[in-house]
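Inspection log for the structure reproduced underneath, given as structure tokens.
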Amino acid sequence: SPSPEVDESERDLRTVFAMQLSSRLRRSDLVEFFSQAGRVRDAHIVSEKGSRRSRGVAYVEFYAVESAVQARTLSGQRLLDVPIIVQPSEAEKNRKSTMRQYNASGAPVNAPVEENCLVVVRELLVDIAPVDIQRLFDLFGTVEHCRVAPAEGDVKEPEWTAYVRFSTHAAARRAVEKLSGLALFGTKLRVRMARKSEQERELRRISEKAAIGVGSPMDITPKAESTAEPKPELTVESNVDPAQTCTVLLLKNMVNPEEETEDNWRDELGQDVKGECDKFGAISRVFVDHNNPCDIYVEFADASSATYAQQSMNGRWFGGRQITALVAMRELSSPAASTSNSTPQRLNSSATMSQHSEDSSLLKNVDCGTPEQSYNSTLEREFEVHDIGNLVEVGDLEPAFSFRKLLRFAGPGFAMSIAYLDPGNICSDLHCGAVAGYKLIWLLFLTHALGLYVQTLSARIGIVTGRNLAQHCHEQYARSIRIPLWLVCELAIIGSDIQESIGTAIALYLLFGVQIWAGILVAALLSYVILGIQRFGARKVEALFIAMIAIMCACFGVEVFMSSPDVREITKGLLIPRIPASATVQAVGIVGAVIMPHNLFLHSALVGTRRIKRAADVRHASIREANFYTTLESGVALLFSFAINATIMIVFADIYSRGNSAKSVHMAEQHLPGLVEAADLLRGAFGDLGPLLWAIGLLSSGQSSTATGTMAGQYLMEGMMRLRASPWLRLFISRSTSLVPTMLVGVLFTSRLDQFDEWLNVLQSLALPFALIPTLKLAQSSHVMSEFAVGPRWRAFGWLAAAVIIALNVYLLLPLIVDLASYGVAAACMALALLGMYLLFVYILVVSKVE
């Protein structure tokens, strides 16, 4: 039968809201259940935005109002063995709540609601006359008022904003739909409907000018605005002082954390709240308090928007729960009050600091009977990283350079530099010294300089945003991109862990004669012990890493002095760029061995262990100071790393250049030495002390890099895939993921470990763009980094470096494709397809937008 006609104005009356629904519920089940109350017009099960899982609530619309009334009697009955709750729709509850507020204010229930007829045109780069704006908008309806004014707020170049008022809401809506995005004077128009605060401000301005009989030279004479009856104010009991600045809204009772099962429910809830509150005004920040997940903070750009949102949101229903909306205050206190011992925590106001340097702002919630809370302290908790012990206090801002402040920031950079000293790098240095002598020292220095650049970008992302690189990748990339990105980076971590575990096992073999497979198990157990120190704080772990770097400096440094290298040739190798034809693979391997993709994820997370002050008046200076000391500490750490790598290259370049043993000459002619054969070379050159120092340095390198690699895997797993677990469970998963392939390599490829290690360095180089490109895009984005975004010159340098790395990877893969072509057309096509997929994925990462 044909569907009966319905009155759309009664849609809220014909709709019911169902809660406590089973996760197995389908739409057909919902329609069948509610059909006993009447004919169902539509049914919608609410699901999460990201996971698309059911939130356990649904809307059911009927053709008749009587059916909706009858449907409410079904509350308590079982649907798929779950007793459900049926209530009036959220909109109907809000409509009744609004009517009660109108009645409380003395306004008639049937008072007409003023439609929004005001259109705002933003970011006009040309000062256009109001009459020209009117001619453009007259095409869509009668324009009653038009004004052009300079844009408000901080803008990079002069901009203007136009306010156009139509006689009807429909005409205003048509203008927005048709003109938004239209190219005018070389720029695209940004046209939208005015917010409530903008409507009230424009109406008040027109009324004031009409009252004094003065018109603006930019105004088209208003017709009906001055006589229009304003909409009655909704009166909500609140002790808000208009003289105070209220920009933060606290929403309570929006969610029950115990009912949430998804890992990313906080992010999804924040998006829902932002979508709900965006209509009240510009929003600066939305986040869920981690200490009290029932509290959601919304910071608006201006006080009027926050006040209007509090009046509108308080008592409303959201997701089946009634909201309590409070306002967080910034109350200016006197200088005397700021010195009181009983004064609560304060957040300084930058606007007031220019007039009264001793003034501060007190944040307190306005609500009858509720305990006082500090938005500032909650905001600082939002940026805390709890993965490694307690946060390290860095103290107050220093007006000049402070060595004590540098020591407080010291630690993350040295932990990061461990990855530049892992057994893979040591093996690469060994091969470069054997094949090219001193000729690749310049390339080693260049890769460390490039490493400092990308590590600085990674650290800045963590410092400025308070979130590590893996968390940003989860937010910025879709699931179809995020999963392959995670797999590639996880594969690089596994490859690096194979090198590190085998390096530790070889060191144990040289020291104690332990078999390789047994040494791999011992290395895994030792990594548990090292990472267990995390429980005692971040500084303890960092101190252990610095001690291991000192051991490597001592061991490999002594060997340099024992070898007596040619200083003149070392200087030429550092200053004159040259790559021997026989050392191409080793040169590319240096890039992959030195700059590791997982190290970018690690460094962006480690800087979060420093507590940086993020109050409004000191945020900019605190972040600038943290960026300075972190960059300086990273530079010092990588300088030590370069010195250690260079000593290894110099020692073996000297041994091969002298050829002081028959075995070394034979090895130079036949094949490259491995980590075990390197000990024999050192014994022949320096006696028994040589291999002992080599084994001790190798053990420190392998064990420390294994620990940092496991930490990087933890951050990558939790941040990018949101696989949350306890620290020990994450450690167990991370170690187990790489332990199995490491054991297979250690058992099955014992005789080819060195060749295997060389290709693992190439794997790191191939995977590097998948961490480098997201780092570059985030660091240059003003949306993410605001005023701390990378400048044009450094941005161009970063993309040039990324292009060179990708070109080197393609150059390295081409000979492999040619070799595979000898096995047939199918093998060649498969190799070309893999190369095409590699380049396509790199292209997708480059063109993906960062919001």
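Just so we're clear, the structure is a prediction, and the values are computed from it rather than from any experiment.
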**Item:** Any donor-acceptor N/O pair, Ser458 side chain to Val454 backbone, under 3.5 Å
**Value:** no
Shortest non-hydrogen pair, Ile650 vs Pro565, comes out as CG2-CB, 3.5 Å
**Prompt:** Any sub-3.5 Å donor-acceptor pair from Asn599's side-chain atoms to Met416's backbone N or O?
**Reply:** yes
I want to know whether Phe561 and Phe686 have ring centres closer than 6.0 Å.
no
Got Leu682 and Glu559 here, is their nearest side-chain heavy-atom distance under 4.5 Å? yes
(message) Is there a side chain to side chain contact (heavy atoms under 4.5 Å, CB included) between Met596 and Asp422? Walk through the geometry before answering.
(response) CA-CA 10 Å; Met596 293 197 173; Asp422 72 335; 2.8 Å; yes
Mark yes when over 12 heavy atoms from residues, nucleotides or ligands other than Tyr453 sit less than 6.0 Å from its OH; otherwise mark no. yes
Below 6.0 angstrom between ring centroids: does that apply to Trp694 and Phe652? yes
Problem - Glu542 and Arg610 ion-paired at < 4.0 Å - result: yes
>> Using 30° and 60° as the class boundaries, would you call the ring planes of Phe640 and Phe414 parallel, tilted or perpendicular?
In response: tilted
- prompt: Looking at side-chain heavy atoms only, is the closest gap between Pro769 and Ile805 below 4.5 Å?
  reply: yes
Applied to residues 438-447, the side chain to side chain donor-acceptor pair (under 3.5 Å) test, sequence neighbours excluded, yields none
- Query: Once the angle between the rings of His448 and Tyr420 is folded into 0 to 90°, is it parallel (under 30°), tilted (30 to 60°) or perpendicular (over 60°)?
  - Reply: tilted
Donor-acceptor under 3.5 Å (Ser496 side chain, Ala492 main chain) | no
The complete set of salt bridge (Lys or Arg N to Asp or Glu O under 4.0 Å) pairs with one or both residues in residues 685-699, sequence neighbours excluded, reads Arg683-Asp688
| request: Spell out, as yes or no, whether a donor-acceptor pair under 3.5 Å connects the side chain of Glu677 to the backbone of Gly674. | output: yes
| request: May I ask you to check whether over 12 heavy atoms, not counting those of Arg578, lie within 6.0 Å of atom CZ? | output: yes
Requested in this report: Taking the side chain as every heavy atom from C-beta outward, state whether Val392 and Arg539 have any atom pair closer than 4.5 Å.
Outcome: yes
- Query: Under 3.5 Å, side chain of Gln471 to main-chain N/O of Asn468, donor-acceptor pair present?
  - Reply: yes
